Amino acid sequence: MAAHSPLSAKLAEEAGFDGIWASGFELSALYGMPDLSFVSMTQHLDMVRAMSGSAHLPIVADIDTGYGNAINVTHAIAEYERAGAAAVVIEDKTFPKVSSLASTGRQELVRIEEFQGKIAAALASRRDPNFVVIARTEALIAGLGEAEALRRAAAYEAAGADMILIHSKQKTPDEVESFVRAWSGDVPIVIVPTAYPEMNESRISALRKIRMVIYGNHAIRASVTAMKDIFTRIRRDGGIHTVNENIVSVEEIFRLQGMDRVKIVEKQFLR
């Protein structure tokens, strides 16, 4: 499940998800900025570090295009490992990237050989052999078709990628399902079914080759939905008297903040 803060990461953990997607899109939205590489690596790293300290799930970090060329990637991998990430996803678009789900905008891909160099640099830089490097191809997003997506995915597997993320903004799962059926590589597939929500667990399991599903932006969208509703009702009703029963208690926020630990420390050490 996507997260954009330590609080959302903790809620995803409590909901039973088995990993956190440190989403660049969600963090951009949190800052009120477009997902156009405006959020810096430092800002994203700070949030990964904070989420790592709050939740106990593996974190898959969305590092967009790797913040530059292969040299930048080597630095990024070292920093994300230190920050507590368990994996990174690097995409094969040019820098600065444009959000994949935008209806308009430049969706340009780098040369296959250049992206293979980024993957090789990432693998050479990781200290933990269990740190996962996921190569994301945007060939379908860029309108280049399944054959090009398969060609790129095979090249990225040959460069050593641990998994392949195939992305699509089609409103049905057909394009992704076709790609997965045609995939003959050995590494598993990752999908992000934001645009095609019909792709549920039973359909995913039937394809047999998908090993990770990322719900890429539902935390921030749910947050915006809830805040817009509550803010509108408070303004409409002239107070908070009608919304109180629809929001969590202050005590629940205290629990999520770990106020119980503060009480223990107070009893033990404050004299």
Side-chain angles (χ1 to χ4, degrees), residues 19 21 24 60-74 76-77 80 85-95 97-101 106-126 128-170 172-196 199 203-214 216:
W21 170 240
V60 181
D62 172 18
I63 66 170
D64 291 339
T65 62
Y67 304 105
N69 62 19
I71 297 171
N72 300 81
V73 168
T74 61
I77 296 301
Y80 277 92
V88 294
V89 171
I90 313 174
E91 63 189 74
D92 58 359
K93 285 201 292 204
T94 57
F95 178 88
K97 54 91 50 96
V98 175
S99 178
S100 302
L101 300 181
R106 172 184 48 80
Q107 302 291 348
E108 296 174 353
L109 275 55
V110 298
R111 293 179 300 108
I112 289 176
E113 295 78 12
E114 179 180 344
F115 196 69
Q116 284 181 309
K118 288 189 179 186
I119 296 167
L123 297 170
S125 303
R126 64 183 178 186
D128 181 356
N130 293 316
F131 186 87
V132 177
V133 175
I134 303 170
R136 166 174 162 175
T137 181
E138 297 281 281
L140 298 180
I141 295 289
L144 301 179
E146 182 178 291
E148 179 64 11
L150 289 166
R151 187 167 78 95
R152 284 178 172 265
Y156 304 161
E157 179 186 26
D162 297 305
M163 304 180 84
I164 299 294
L165 191 157
I166 183 66
H167 206 16
S168 168
K169 61 181 177 182
Q170 295 298 309
T172 69
D174 299 352
E175 186 176 56
V176 167
E177 287 180 321
S178 177
F179 173 92
V180 174
R181 290 192 187 98
W183 173 243
S184 59
D186 294 322
V187 301
I189 299 296
V190 182
I191 65 168
V192 189
T194 303
Y196 47 99
M199 191 73 156
R203 289 181 76 158
I204 291 165
S205 297
L207 293 169
R208 298 182 177 273
K209 300 173 187 177
I210 299 168
R211 291 293 179 269
M212 184 186 295
V213 180
I214 296 170

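Computed from a predicted model, the values in this text were never measured in an experiment.
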**OP:** Give a yes or no answer on whether the side chain of S178 reaches the backbone of E175 with a donor-acceptor pair at less than 3.5 Å.
**Re:** no

Original post:
side-chain hydrogen bond (donor to acceptor under 3.5 Å, both in side chains) with E177: which residues, sequence neighbours excluded?
Top reply: R203

**OP:** Measure the CD1-CZ distance between I90 and F115 for me, rounded to the nearest 0.5 Å.
**Re:** 5.5 Å

Subject >> Gap between atom CG of D174 and atom OH of Y196 - 0.5 Å precision >> reply: 11.0 Å

Original post:
If you look at every heavy atom in N69 and N72, which pair is closest and at what distance?
Top reply: OD1-OD1, 2.8 Å

Subject >> Smallest separation among heavy atoms of S168 and Q170, with atom names >> reply: OG-N, 3.1 Å

Subject >> Pairwise distance CD1(I77) to CZ(F131) - rounded to 0.5 angstrom >> reply: 5.0 Å

Original post:
Applying salt bridge (charged side-chain N to carboxylate O under 4.0 Å, His left out), which residue pairs with at least one partner in residues 135-147 are found, sequence neighbours left out?
Top reply: E91-R136, K93-E138, R136-E138

Subject >> Exercise: identify the closest heavy-atom pair between S100 and K169 >> reply: O-CD, 3.3 Å

**OP:** Quick one: which residue pairs count as a side-chain hydrogen bond (donor to acceptor under 3.5 Å, both in side chains) with a foot in residues 154-166, not counting sequence neighbours?
**Re:** D92-Y156, R126-D162, R152-Y156

**OP:** For A142, enumerate each residue passing the side chain to side chain contact (heavy atoms under 4.5 Å, CB included) test, keeping only those at least two apart in sequence or located in another chain.
**Re:** Q107, L109, L144

Original post:
Between CG of L140 and CD of E148, what distance do you get to the nearest 0.5 Å?
Top reply: 10.0 Å

**OP:** With sequence neighbours excluded, tell me which residues meet side-chain hydrogen bond (donor to acceptor under 3.5 Å, both in side chains) with D62.
**Re:** none

Original post:
Say you draw a straight line from CZ of F179 to CG of L150; how long is it, rounded to the nearest 0.5 Å?
Top reply: 5.0 Å

Subject >> Minimum-distance pair of heavy atoms, taken over all atoms of P193 and V213 >> reply: CD-CG1, 3.8 Å

Original post:
So how far is it from I164 CD1 to D186 CG, rounded to the nearest 0.5 Å?
Top reply: 11.5 Å

**OP:** Check A154 against W183 and note the closest heavy-atom contact, atom names and distance.
**Re:** N-CZ3, 3.7 Å

Subject >> Steps toward side-chain contact (heavy atoms from CB on, under 4.5 Å) verdict (R181, L207) >> reply: CA-CA 7 Å; R181 290 192 187 98; L207 293 169; 3.9 Å; yes

Original post:
Name the one of I134, I191, L165 that satisfies side chain to side chain contact (heavy atoms under 4.5 Å, CB included) with I214?
Top reply: L165

Original post:
Hey, is the main chain of I189 close enough, under 3.5 Å, to the side chain of K209 for a donor-acceptor pair?
Top reply: no

**OP:** Just do the side-chain contact (heavy atoms from CB on, under 4.5 Å) check on V89 and W21 with the steps written out, would you?
**Re:** CA-CA 10 Å; V89 171; W21 170 240; 3.6 Å; yes

Subject >> Closest contact, heavy atoms only, A135 versus A161 >> reply: CB-CB, 3.7 Å

Determine all donor-acceptor pairs shorter than 3.5 Å in which one atom belongs to a side chain in residues 117-125; sequence neighbours excluded.
residue: K118; atom: NZ; partner: T65; partner atom: O; Å: 2.7
residue: K118; atom: NZ; partner: G68; partner atom: O; Å: 2.8
residue: S125; atom: OG; partner: A121; partner atom: O; Å: 2.7

**OP:** Show your working on side-chain contact (heavy atoms from CB on, under 4.5 Å) between I112 and R151 and close with a plain yes or no.
**Re:** CA-CA 9 Å; I112 289 176; R151 187 167 78 95; 3.6 Å; yes

